[in-house]
Colleague: 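Attaching a single structure in structure tokens format; questions to follow.
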Amino acid sequence: MSMFCYQCEQSAAPGGCTVQGVCGKTAPVANLQDELTAALVGLARALDVKGQTKEGVDYLMRGLFMCVTNVNFSEDRVQEFIDEVNAYHAKIDSAAQNFDWEQLWKGEEDIVSLRSTLLLGMRGMAAYAWHAARLGFHDPEVDAWFIKGMVEFAKDHSAEEWLNLLMEFGQINLKCMAILDKANTETYGTPVPTTVPLTVEPGPFIVVTGHDLHDLNQLLEQTDGKGVNIYTHGEMLPCHAYPELKKHPQLKGNFGTAWQNQQKEFVDVPGAFLFTTNCIMPPKENYRANIFTTDMVGFDGCAHVEEKADGTKDFSAVIERAIELGGYKEAQEFTGINGGHEVTTGFGHGTVLGIADKVIDAVKAGAIKHFFLVGGCDGAKVG
Ligand code: SF4
């Protein structure tokens, strides 16, 4: 079976992944994700005609998010989600047609590139928007744009029209980042500079990875007083700086280096791992039984924690696995990707602007000579 995917920097070059993803995504999963994308177009068309619904926009966000790199490798879960989307679509307007998924990546090269830029950007925005939505925060313009974006994605446009659409989308994406920032800071407080140890203490522990602060918070509440320590991994590191998260004493430190090293770093570790968003790599047999996924993440053979009808999650299976594994007998000192036994985080815009006068004075006095802008997250390739 063939596939086509060129959405990330791991992509086989030149020409994308066509047999199996470098990330581990199989051809059947890649094709199902294309089918899901086509189904989301159909749902967006239906919502466009019949009017926006919260449930419909949630499906668009979750479906787009499910197709982000290193999120879901499970044929069963993607198929189940397609069925759910199609059923909801049929309920509101069965006349609106799904896109032909086999045409997704076909057409004149420049136009396909422009169209893909919109789709891949929307997948990323969907992850942000869904995290904010889980905390009860929405921006009406962002929600509405999920419908507009998917409807426009499936139309023919000139290159100039595509560029205009992409510029408009860029503005919406900034609004989405703003609502996520508001969701996180209003729920968990403005981050404060925090030093985070890289040492894993003795005893049972859980490593949490991804970006979902709501999941981390629930896990912290459920481990209060249980003698199970929590460590962040990868992009979960900034959580140590949020006052409402750091108040839990069992949030001890950060485990591991970058996401792409997990297949080496998780081997023989006597702890449980919870994946809340992207960055899962096909787990090695050695530690597969310790992996738990939740929300849009999925990997066949790994336990999945579903959200309950009341919007909460029960992480007791993860906690029990950590207790069963028991953790290390003695403290283990790890080093960061650049060495050292601790890292610092918590320099968000609220913190930096709070000391703007001091920074300006330091620049004027010559104490600060360089600013470095670090964009994006940690790619697997150097450069
Ligand atoms: S997401 Fe996976 S299949 Fe797609 S380009 Fe990246 S490595 Fe290839």
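Both backbone and side-chain heavy atoms feed into the values below; hydrogens, waters and symmetry mates do not. In listed order, ligands and their atoms are each counted from 1.
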Colleague: Taking 2.8 Å as the cut-off, does C17 contribute an N, O or S atom near atom 8 (Fe) of ligand 1, distance below it?
Modeller: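 Yes - counting backbone and side chain alike, C17 has an N, O or S atom under 2.8 Å.
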Colleague: Below 4.0 angstrom from a heavy atom of Q7, which ligand 1 atoms are there? Numbered from 1 as shown, please.
Modeller: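 Every atom of ligand 1 under 4.0 Å from some heavy atom of Q7: 1 (S), 5 (S).
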Colleague: Could you identify the single nearest non-hydrogen protein atom to atom 1 (S) of ligand 1 and state the distance to 0.1 Å?
Modeller: T69 OG1, 3.3 Å
Colleague: Distance only, no hydrogens: is a donor on one side chain within 3.5 Å (strictly under) of an acceptor on the other, for S74 and D76?
Modeller: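 The criterion, which ignores hydrogens and geometry beyond distance, is not satisfied for D76 and S74.
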Colleague: Does a side-chain N-to-carboxylate-O contact under 4.0 Å join E152 and K148?
Modeller: no
Colleague: Taking only heavy atoms of Y6, which atoms of ligand 1 are found under 4.0 Å from at least one of them?
Modeller: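 Those of ligand 1 that fall under 4.0 Å from Y6 are 5 (S).
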Colleague: Starting from atom 4 (Fe) of ligand 1, find the nearest protein heavy-atom neighbour and note its residue, name and distance.
Modeller: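 It is C5 SG, 2.3 Å.
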Colleague: Of all the non-hydrogen atoms in the protein, which one sits nearest to atom 6 (Fe) of ligand 1, and at what distance?
Modeller: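 For atom 6 (Fe) of ligand 1, the nearest protein heavy atom comes out as C8 SG, 2.3 Å.
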Colleague: Closer than 4.0 Å to some heavy atom of V22 - which atoms of ligand 1 meet that?
Modeller: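 Numbered from 1, ligand 1 contributes 7 (S), 8 (Fe).
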Colleague: I need the nearest protein heavy-atom contact for atom 3 (S) of ligand 1: residue, atom name and distance, please.
Modeller: G21 CA, 3.4 Å
Colleague: Would you mind running through ligand 1 and noting each atom that sits below 4.0 Å from a heavy atom of K25?
Modeller: 3 (S)
Colleague: Can a donor-acceptor pair be found between the side chains of N164 and E168 at a distance below 3.5 Å?
Modeller: no
Colleague: Do E324 and R321 sit within salt-bridge range, that is, some charged N less than 4.0 Å from a carboxylate O?
Modeller: yes
Colleague: If the threshold is 4.0 Å, N to carboxylate O, is there a salt bridge linking D215 and K313?
Modeller: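 Counted as a salt bridge, because a side-chain N and a carboxylate O are separated by less than 4.0 Å.
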Colleague: Specify whether an N/O/S atom of C23 falls short of 2.8 Å from atom 2 (Fe) of ligand 1.
Modeller: yes
Colleague: In terms of side-chain heavy atoms, does H131 have a donor or acceptor partner in N184 at a distance below 3.5 Å?
Modeller: no
Colleague: Less than 4.0 Å is my threshold; does some heavy atom of Q20 fall inside it relative to ligand 1?
Modeller: no
Colleague: Relative to each other, are the rings of F266 and F273 parallel, tilted or perpendicular (30° and 60° limits)?
Modeller: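 Geometry flag for F273 against F266: parallel rings.
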Colleague: May I ask you to say whether K54 pairs ionically with D58, meaning some side-chain N is under 4.0 Å from a carboxylate O?
Modeller: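 Between D58 and K54 there is a salt bridge, with a charged N closer than 4.0 Å to a carboxylate O.
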Colleague: List ligand 1 atoms under 4.0 Å from M3, heavy atoms only on the residue side.
Modeller: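 It comes down to these atoms of ligand 1: 3 (S).
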Colleague: Where is the tightest heavy-atom contact between C279 and T209, given as atom of each residue plus distance?
Modeller: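 Distance-wise, the nearest heavy atoms are SG-OG1, 3.3 Å.
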Colleague: Any idea which atoms of ligand 1 are less than 4.0 Å away from a heavy-atom of Q10?
Modeller: 7 (S)
